[in-house]
Amino acid sequence: MSAPTAFRRRYGASPLHLLLVLVSFALAAYAGLRLFEGDTLGVAVWFVGAALLHDLVLLPLYSVTDRAAQALFTRGAGAGRTAPRVSVNYVRVPAFVSGVLLLVWWPLVLRRVEHYTAATALPADGFLGRWLLITAALFAASAVVLVVRTRRLHRGHRRARSATK
């Protein structure tokens, strides 16, 4: 057995993947050490608070929301069971992108930054409207893609049925 084959069987991926993972861990360790050089207690409290907020509030919230979306987009899988359709992803993706945008820009979206205009000389009043428009555009684009793909799928099924007759 050759060395690359043995490595792939033990590790499961290529040596390049392992190298990139090790480099990313080294970069994360360097960033963590640099971050802790300043306010160590404040950074530690922030990390613990973020972990608790995510695990105790956000994870159950988006898990329940995802289950509700899956219940809306189900199909029979035989023997009384239901399987989620792939179409649930047309709700998940725009919701995820919109959530990330809100997470990154929430102080400006919710107008919680008083010094933004003084620091940048830009108005801080349009972020909520822009975020809502971007969210609406994401869901609209996802709905258009879903409709187009559904029509193509049904058209292909009709052609297959007519070809077998």
With clusters defined by side-chain heavy atoms of hydrophobic residues (ILVMFWY) lying less than 4.5 Å apart, directly or transitively, does Leu146 cluster with Phe139?
no

Would a single hydrophobic cluster contain both Trp106 and Val104, if residues Ile, Leu, Val, Met, Phe, Trp and Tyr are joined by side-chain heavy-atom contacts under 4.5 Å?
yes

Should Val145 and Val148 be regarded as members of a common hydrophobic cluster, given that ILVMFWY residues are connected when their side-chain heavy atoms come within less than 4.5 Å of each other, either directly or indirectly?
no

Atom CG of Asp66 and atom CG of Leu61: how far apart are they, to the nearest 0.5 Å?
11.5 Å

Determine whether Leu108 and Leu122 fall in the same hydrophobic cluster, where Ile, Leu, Val, Met, Phe, Trp and Tyr are linked whenever their side-chain heavy atoms lie under 4.5 Å apart.
yes

Which pair of non-hydrogen atoms, one from Val43 and one from Phe36, has the smallest distance, and what is that distance?
CG1-CE2, 3.7 Å

Rounding to 0.5 Å, atoms CG (Leu132) and CG (Leu128) come to a distance of 4.5 Å

Should Asp125 and Arg111 count as an ion pair when the cut-off is N to O under 4.0 Å?
no

Just verifying a value: how many Å separate Leu20 CG and Leu27 CG, rounded to the nearest 0.5 Å?
12.0 Å

Across all chains, not counting sequence neighbours, the salt bridge (charged side-chain N to carboxylate O under 4.0 Å, His left out) partners of Arg155 are none

Nearest 0.5 angstrom please: Glu37 CD to Leu35 CG, how far?
9.5 Å

If you round to the nearest 0.5 Å, how far is CG of Leu102 from CH2 of Trp131?
4.5 Å

Gap separating the CG atom of Leu103 from the CZ atom of Phe96, nearest 0.5 angstrom:
9.5 Å

For His17, does the NE2 atom sit with more than 12 other heavy atoms under 6.0 Å from it, leaving out its own atoms?
no

With a cut-off of 6.0 Å (strictly less than), are more than 12 heavy atoms of other residues, nucleotides or ligands near CH2 of Trp105?
no

Taking the side chain as every heavy atom from C-beta outward, state whether Arg92 and Tyr62 have any atom pair closer than 4.5 Å.
no

Can you tell me which residue pairs pass the side chain to side chain donor-acceptor pair (under 3.5 Å) test with a partner in residues 40-49, sequence neighbours excluded?
none

Is there a path of hydrophobic side-chain contacts, each under 4.5 Å between heavy atoms of I, L, V, M, F, W or Y residues, that connects Val109 with Leu138?
yes

